[in-house]
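The next block holds one structure in the form of structure tokens; read it before the comments.
Only heavy atoms go into these numbers, but all of them, side chains included; no hydrogens, no water, no symmetry mates. Naming convention: chains lettered A, B, ... in sequence-line order (proteins, then strands); numbering from 1 in each chain.
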Amino acid sequence: MTERTLVQAVNAALARAMAEDPAVLVLGEDVGTDGGVFRATEGLLARFGPQRVIDTPLAEAGIAGLAIGLAAQGFRPVAEIQFSGFMYATIDQMLNHASRLRTRSRGRITCPMVLRAPSGGGVRAPEHHSESPEAMFAHVPGLRVVVPSSPARAYGLMLAAIADPDPVVVLEPTRLYRALREEVPDDAPPLPLDRAFVLREGSDATVVAWGGMVPEALSAAEALADEGIGCEVIDLATLKPLDEATVLASVARTGRLVIVQEAPLTAGLGAEVAARVAERGLMSLRAPVRRVAGWDTVMPLPRLEQAYLPDAGRIAAAVRETMAFA
Amino acid sequence: MDSVAARFEILRRRHLAPDGTACGPWPAFAQDPAALAAMYRAMVRTRAFDQKAVALQRTGRLGTFASSLGQEAVGVGIGAAMRAEDVLVPSFREQGTQLLRGVTMRELLLYWGGDERGSDFAGPRQDFPVCVPVGSQAPHAAGIALAMRLRGEARAVVCVMGDGATSKGDVAEAIDFAGVWSLPLVFVVDNNQWAISVPRRAQTAAETLAQKAVAGGIAALQVDGNDVIAVRDAMEEALARARSGGGATLIEAVTYRLADHTTADDARRYRDDAEVSVHWHEEPVARLRTWLTAAGAWSKAEEDALLAACREEVQQAETDYLATPPQAVASVFDFTYAALPAELARQKAEAVP
Ligand SMILES: Cc1ncc(C[n+]2csc(CCOP(=O)(O)OP(=O)(O)O)c2C)c(N)n1
Ligand SMILES: [Mg+2]
């Protein structure tokens with residue numbers, strides 16, 4: 001038995017990738033001696049040494065750019081950005097360079113790097129620590145965006161992200177880092193980077209969620225089951241590329257779709273899911289698609305963050321509304 | 001053939017040695033023991049506030065908080081030198097300066113307690129709120145200083161950052177702006193030797209942080225950051241230069257973070273208690289008290305009265321903070337734009353029926 005929390009699973013995946021491939025490096029602020037502020041890199045310095053676990057100066061754009069250079073030289077850098085709000089500083093490097101080196105050089109220079117960061121709210125963190133930037137990265141051609149929501153998925157997706165030949169952004173939901181433990185064997189395989197996970201089957205409505213919203217979607221489904229409403233809950237997990245087939249197949253069965261995202265509503269990933277279903281699954285819909293999302297406001301400071309964050313109650317209400325649609 | 005293209009040196013200023021003895025000559029303001037006692041009071045008040053905030057966090061009544069324990073001379077030296085009409089652009093450990101500028105303890109507690117109203121200062125209306133993304137405030141300071149210059153005002157901006165912040169591109173860019181336009185701006189690098197677990201030497205190979213000013217063509221000075229007289233003196237000189245059109249300055253105040261990085265940190269993971277103990281011998285509060293006492297300008301009775309007054313003030317601040325009614329959920333929407341767009345009004349109506 002190897003039970004792990006999500007953050008321990010990230011740590012274990014990093015350790016395994018480093019053990020199996022000497023090209024894998026870990027870098028970022030406080031990742032060495034401190035083991036990362038969330039302890040995602042704990043023990044790696046002692047095990048792999050300062051040549052492979054690199055405490056950087058405090059400079060996020062630089063960290064992303066540095067990883068690009070290392071990746072171009074055949075290393076597999078895994079760069080940590082300490083908190084979600086500081087990922088925005090990497091967008092210049094990720095958008096103008098990481099995502100397009102392959103294209104610009106017609107495949108001569110590539111960028112097999114991982115940029116990973118905690119994301120989302122729910123832990124009463126200070127200002128700029130509770131952001132959900134997934135759609136900003138998903139908008140960039142050439143990047144992959146992955147958001148795990150369980151220890152096992154974090155482990156398998158992290159292994160795959162590190163092994164992938166292109167840049168991958170991994171956003172780890174802070175509120176799930178220590179929310180639960182589950183069995184994550186040391187030899188668990190990598191998981192595909194283009195598949196959603198059906199976590200619960202149901203025939204009345206499809207609920208699509210990712211990251212910190214997945215447990216909320218599951219508990220909404222649990223509550224709705226008592227009312228006789230069967231929800232199929234899908235953890236999208238790989239936001240780009242997006243596993244549209246799994247969503248369409250589910251909607252074809254249920255005819256109803258509720259999309260849950262913690263990020264602000266407008267131009268979020270939920271809009272993309274809704275558009276795909278509108279384009280290719282419209283005829284299976286028996287009710288309008290509903291999005292349950294953060295508001296189009298600045299993420300509030302902790303006193304009001306619970307009011308902002310979508311929860312099981314809001315999700316269940318949206319499902320009931322789609323069920324009531326005649 | 002090589003010849004010398006440029007030369008520079010970095011001066012270090014100190015007026016009060018770690019043992020509390022004077023290193024002369026002293027600036028004019030320091031000739032008046034009452035002025036020094038006032039700065040002493042401000043440092044003790046800052047320390048009392050930090051202690052209260054940490055205690056509130058430990059008992060679940062405040063969010064993550066960054067104490068300035070050991071760094072009070074930097075905050076107070078800056079605050080004592082600034083004028084009301086100047087603008088402070090702080091990082092997140094500048095409560096010492098903020099308190100001197102009239103930000104209230106209740107406002108500070110509200111902010112760190114997770115309530116946006118804590119940034120709506122009743123006192124210094126132009127001062128920027130706390131800046132959490134490290135270094136990102138530096139270009140704002142340049143913009144505010146440019147605005148002052150464009151209007152021909154005799155005001156100045158003070159931008160405070162940590163040693164870690166000097167690694168950010170934003171800071172290099174802001175220094176560059178300040179140099180090319182001779183902006184009325186003083187950058188203060190509050191060098192407490194650590195950026196969470198990363199020591200100063202791992203942040204930059206430069207011998208001093210002050211010399212980051214040299215490349216941008218602005219004045220540079222290093223001061224003993226545990227010597228409040230030196231900090232204030234350096235600040236007054238730099239602010240006078242800024243207000244009179246003489247351009248920007250970067251002051252590196254060398255101090256030490258005696259506290260954990262924040263209440264969310266455990267510094268014993270990465271630094272020895274022995275190192276911390278050494279720095280307790282250099283801390284700024286005892287240093288000035290030693291001088292004041294030796295000069296006959298501070299008594300046991302005054303000390304007791306000050307501590308009692310501080311205890312009372314922070315207790316009152318706690319009471320006021322905890323008694324503040326919560327913000328309405330509607331407030332999350334109301335400050336997003338000058339006027340609520342229709343689509344946001346719809347979201348608000350759903351959220352707050
Ligand atoms: C851009 C950015 N990156 C990372 C962080 C997380 N973080 C908060 S404080 C800090 C260290 C700051 O060190 P320094 O500039 O020396 O200031 P100090 O905390 O020592 O006052 C880090 C890495 C942040 N707030 N902003
Ligand atoms: Mg520091």
(message) Is a donor from one side chain sitting under 3.5 angstrom from an acceptor on the other, for A/Asp30 and B/Ser197?
(response) yes
(request) Go through the atoms of B/Ser167 and report whether side chain, backbone, both or neither lie under 4.5 Å from a heavy atom of chain A. (result) both
(message) Show the nearest heavy-atom pair for residues A/Ala274 and A/Ile259, with the distance to one decimal.
(response) N-CD1, 3.7 Å
(message) Assess the residue pair A/Asp55 and B/Tyr270 against the criterion (side-chain hydrogen bond (donor to acceptor under 3.5 Å, both in side chains)); give the C-alpha distance rounded to whole Å, side-chain angles, the decisive distance to 0.1 Å, and a yes or no.
(response) CA-CA 12 Å; A/Asp55 267 334; B/Tyr270 52 80; over 6 Å; no
Give the table of side-chain donor-acceptor pairs shorter than 3.5 Å for residues 298-311 of chain A, with sequence neighbours excluded, one pair per line with atom names and distance.
residue  : atom : partner  : partner atom : Å
A/Arg303 : NE   : B/Gly113 : O            : 3.0
A/Arg303 : NH2  : B/Tyr321 : OH           : 2.8
A/Glu305 : OE1  : A/Gly122 : N            : 3.0
A/Glu305 : OE2  : A/Arg124 : N            : 2.8
A/Tyr308 : OH   : A/Glu262 : O            : 3.2
A/Asp311 : OD1  : A/Gly313 : N            : 3.3
A/Asp311 : OD1  : A/Arg314 : N            : 3.0

(request) Would you mind telling me which of B/Asn191, B/Asn192, B/Thr46, B/Thr255 makes a side chain to side chain donor-acceptor pair (under 3.5 Å) with B/Gln71? (result) B/Asn192
(message) In the structure I gave you, are the side-chain heavy atoms of A/Leu25 and A/Phe48 within less than 4.5 Å of one another anywhere?
(response) no
(message) Heavy-atom count check: over 12 atoms from other residues, nucleotides or ligands less than 6.0 Å from A/Glu42 CD?
(response) yes
(request) Go through the atoms of B/Leu344 and report whether side chain, backbone, both or neither lie under 4.5 Å from a heavy atom of chain A. (result) side chain
(request) Classify the angle between the aromatic ring planes of B/His140 and B/Phe128 as parallel (below 30°), tilted (30 to 60°) or perpendicular (above 60°). (result) tilted
(request) With chain A as the partner chain, list the residues of residues 323-333 of chain B whose heavy atoms fall under 4.5 Å from it, by residue number, and write 'none' if nothing qualifies. (result) B/Gln327, B/Ala328, B/Val329, B/Ser331, B/Val332, B/Phe333
(request) Can you label the angle between the A/Phe83 ring and the A/His129 ring as parallel, tilted or perpendicular, going by 30° and 60°? (result) tilted
(message) At under 4.5 Å between heavy atoms, what parts of residues 54-66 of chain B are in contact with chain A? List them by residue number.
(response) B/Arg61, B/Thr64
(request) Counting only heavy atoms closer than 4.5 Å, note whether A/Ala89 contacts chain B via side chain, backbone, both or neither. (result) side chain
(message) Going by the rule side-chain hydrogen bond (donor to acceptor under 3.5 Å, both in side chains), which residues pair with B/Thr208 if we only count those two or more places apart in sequence or in a different chain?
(response) B/Gln211
(request) Measure A/Glu60 against the heavy atoms of chain B and call it side chain, backbone, both or neither at under 4.5 Å. (result) both
(message) Donor-acceptor check, side chain of A/Thr174 to backbone of A/Ser119, threshold 3.5 angstrom: yes or no?
(response) yes
(request) Select one option (side chain, backbone, both, neither) describing which atoms of B/Phe92 are under 4.5 Å from chain A's heavy atoms. (result) neither
(message) Let's go through B/Tyr111 and B/Glu116 carefully: what are the C-alpha distance in whole Å and the side-chain angles of both, what is the deciding distance for side-chain hydrogen bond (donor to acceptor under 3.5 Å, both in side chains) to 0.1 Å, and is it a yes or a no?
(response) CA-CA 6 Å; B/Tyr111 175 76; B/Glu116 288 82 356; over 6 Å; no
